[in-house]
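The model shown is predicted, which means the values in this text are computed figures rather than measured ones.
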Amino acid sequence: LGEARTMSPANLQAAAQTYLTNLERSFGAVDDFVSRELAMGVQTLERSFSPEQIDAIAVMLSRYTVGRSSILADDTGIGKGRALAAVATWANKHGHDVFFVTDRANLFSDLARDLNDIGEWDRFRPFILNADGEITVDDGPDGAPRVLASGTKAPEMAAVIAAGRSLADLQRNIGFLTYSQIAGKDSEKALWVKNQLANALVIFDEAHIAAGSDSNVARQVSEMAAL
C-alpha cells in the first residue's frame, strides 16, 4: 500500500526479500495479512502506516503467531513507534495483555501518542508502575498536554504486590515501566511483572539498556523474555 520511500542496506536486501516471500507463502499477501491480523480495513491501514511500517508489522506478527519473538531495528525516522503501536493493538485484539518497558518514563507518552494517532488508544487501560510516571498527549486546548494516566504511588504498588493482585484484577490491560523498576537483584516489581506474563506481549523498547550478561536488568529481561 502506498509508495515506499526508503531502501534496505544492500547486505540485508536478499535476506529481507526472502523472508517476505516466505511470509507471503505462509500467510498470504503482506497487506492482506496485516489487515486481517489487525482487524483494520485496507484504507485504514494505508492511512495509518507507511509501506515500510506495514512490512515491519507483518514480520513481527508472523513471528508472534508461531510463538516467537522479534527485533525491530529500523533506522531513526522510519516510524518504529507506530509499528510498536500496531503490535500492541494486535495483542489486545487477540486477548493478550501488553507490557511496555523502556528507558525513561517520558517515553510512555510516545507509545500512547502513536496508539492515539492510529485510533486505538481508547481500547487500553494503562497501569504505570513508576511512581513518578505520567502519560500525556498534546491534544488539549491550544495544544496543551492532556494527562491520560498517572503513576502508581509506592504504597499503592506495595499493596498490589502484597495482595498478589493481577493486571486483570486491577481492570488494566497494559503496563508501563522503565528498566530502573526491575534493576534490583530481588526486585518485587520484576517478580510481579513476571507473574503477569503467561498471556502477555512484552515490548522491550530501547533494549540496549539490557545488553550484557552481568547486570540485574539483563537477567530480569532475559527471564521475562523466556516466559
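Checking side-chain atoms of T152 against main-chain N and O of N130 turns up no donor-acceptor pair under 3.5 Å. One N or O on the side chain of T89 and one on the backbone of A85 form a donor-acceptor pair closer than 3.5 Å. Panel note: side chain K189, backbone I182; no donor-acceptor pair is recorded below 3.5 Å. No donor-acceptor pair closer than 3.5 Å links the side chain of R63 to the backbone N or O of R68. Using a distance-only test at 3.5 Å, with no hydrogens or angles considered, no donor-acceptor pair links the side chain of H96 to the main chain of N92. At distances below 3.5 Å, not a single donor-acceptor pair connects side-chain atoms of R125 with backbone N or O atoms of N173. The backbone N or O of L167 sits less than 3.5 Å from a side-chain atom of Q196, completing a donor-acceptor pair. When atom types are taken as modelled, the side chain of E134 and the backbone of G151 share no donor-acceptor pair closer than 3.5 angstrom. Remark: side-chain polar atoms of K194 are not paired, donor with acceptor, to backbone N or O of M224 under 3.5 angstrom. The main-chain N or O of A14 is found under 3.5 Å from a side-chain atom of T18 such that the two form a donor-acceptor pair.
Look at E120 and R123 and you find a salt bridge, because one of the NZ, NE, NH1 or NH2 atoms lies within 4.0 Å of a carboxylate O, short of that distance. We find that D114 and R82 are joined by a salt bridge, their nearest charged nitrogen and carboxylate oxygen being less than 4.0 Å apart. Between E37 and K93 there is no salt bridge, since none of the side-chain N atoms of the basic residue sits less than 4.0 Å from a carboxylate O of the acidic one.
One finds the CG atom of D75 at 11.5 Å from the OG atom of S8 (value rounded to the nearest 0.5 Å). Here the CG atom belonging to L45 is positioned 12.0 Å from the CZ atom belonging to R36, to the nearest 0.5 angstrom. Here the CG-CG distance, from L227 to N195, works out to 9.0 Å after rounding to the nearest 0.5 Å. N116 contributes atom CG, which lies 7.0 Å from atom CG of D122 (distance to the nearest 0.5 angstrom).
V147 places none of its side-chain heavy atoms less than 4.5 Å from the side chain of I135. Under the 4.5 Å side-chain criterion, counting only non-hydrogen atoms from C-beta, L72 is in contact with L84. Side-chain contact between L148 and V137 is present, with heavy atoms from C-beta onward closer than 4.5 Å. Contact of the F33 side chain with the I54 side chain is not registered, since no non-hydrogen atoms from C-beta on lie closer than 4.5 Å. With contacts defined as side-chain heavy-atom distances shorter than 4.5 Å, the pair L20/D55 qualifies. A 4.5 Å side-chain heavy-atom check between T136 and F108 finds every atom pair outside the cut-off. The closest side-chain heavy-atom distance from F204 to I209 is not below 4.5 Å. F49 is not listed as a side-chain neighbour of V34, based on a closest heavy-atom distance of 4.5 Å or more.
Cluster annotation: L197 is not connected to V87 through the hydrophobic network of ILVMFWY side chains, with a link wherever side-chain heavy atoms come within less than 4.5 Å. Tracing side-chain contacts under 4.5 Å through hydrophobic residues (I, L, V, M, F, W, Y), one never reaches L107 starting from I118; they form parts of separate clusters. In the hydrophobic cluster analysis, where Ile, Leu, Val, Met, Phe, Trp and Tyr join through side-chain heavy atoms closer than 4.5 angstrom, I78 is grouped apart from L61. Taken together through direct or relayed side-chain contacts under 4.5 Å among Ile, Leu, Val, Met, Phe, Trp and Tyr, L38 and I174 form part of one hydrophobic cluster. Residue L170 is not grouped with residue L191 when hydrophobic side chains (ILVMFWY) are merged at heavy-atom distances under 4.5 angstrom, including chains of intermediate members.
The two residues A154 and A131 come nearest to each other via the heavy atoms N-CB, 4.3 Å. Between G95 and N199, the shortest heavy-atom contact is O-ND2, 3.0 Å. The shortest non-hydrogen separation linking Q181 to S187 is O-OG, 3.2 Å. The two residues D205 and Y179 have their closest heavy-atom pair at O-OH, 2.7 Å. When every heavy atom of G133 is checked against every heavy atom of A105, the shortest pair comes out as CA-CB, 4.2 Å. In plain terms, the two heavy atoms of F124 and A88 that are nearest each other are CZ-O, 3.5 Å.
With V30 as reference, L23 is the one residue of L23, I57, V59 to meet the side chain to side chain contact (heavy atoms under 4.5 Å, CB included) rule. The side chain to side chain contact (heavy atoms under 4.5 Å, CB included) test with R113 singles out one residue from L111, L115, D117, and that residue is D117.
For CD1 of I71, the number of neighbouring non-hydrogen atoms (other residues, nucleotides, ligands) closer than 6.0 Å is 12 at most. Counting heavy-atom neighbours within 6.0 Å of E188 CD, excluding the residue itself, gives a total of 12 or less.
Using a 30° and 60° split on the angle between ring planes, F176 and F100 fall in the perpendicular class, above 60°.
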Practice item. Kindly determine whether T178 and V101 satisfy side-chain contact (heavy atoms from CB on, under 4.5 Å), including the steps that lead there. Key: CA-CA 5 Å; T178 59; V101 190; over 6 Å; no
**Study point:** V98/I203 under side-chain contact (heavy atoms from CB on, under 4.5 Å): CA gap, chis, key distance, verdict
**Key:** CA-CA 8 Å; V98 177; I203 299 172; 4.3 Å; yes
Review point. What do the steps show when you test D110 against T102 for side-chain contact (heavy atoms from CB on, under 4.5 Å), and what is the final call?
Key: CA-CA 11 Å; D110 287 0; T102 189; over 6 Å; no
Practice item. Determine, step by step, whether D32 and S35 satisfy the side-chain hydrogen bond (donor to acceptor under 3.5 Å, both in side chains) criterion, reporting the C-alpha distance in whole Å, the side-chain angles of both residues, the deciding distance to 0.1 Å, and the verdict. Key: CA-CA 5 Å; D32 293 339; S35 175; 6.0 Å; no
Check your understanding: Given F127 and W192, is the ring pair (Phe, Tyr, Trp, His ring centres under 6.0 Å) satisfied, shown in steps?
Key -> CA-CA 13 Å; F127 181 69; W192 182 84; 5.7 Å; yes
Practice item. Kindly determine whether S50 and Q53 satisfy side-chain contact (heavy atoms from CB on, under 4.5 Å), including the steps that lead there. Key: CA-CA 5 Å; S50 70; Q53 289 167 340; 3.3 Å; yes
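When only modelled atom types and interatomic distance are considered, Y64 and S69 share no side-chain donor-acceptor pair under 3.5 Å. A donor-acceptor contact under 3.5 angstrom links the side chains of T6 and E52, judged on distance only. No hydrogens or angles considered: nothing links the side chains of Q220 and K185 as a donor-acceptor pair under 3.5 Å.
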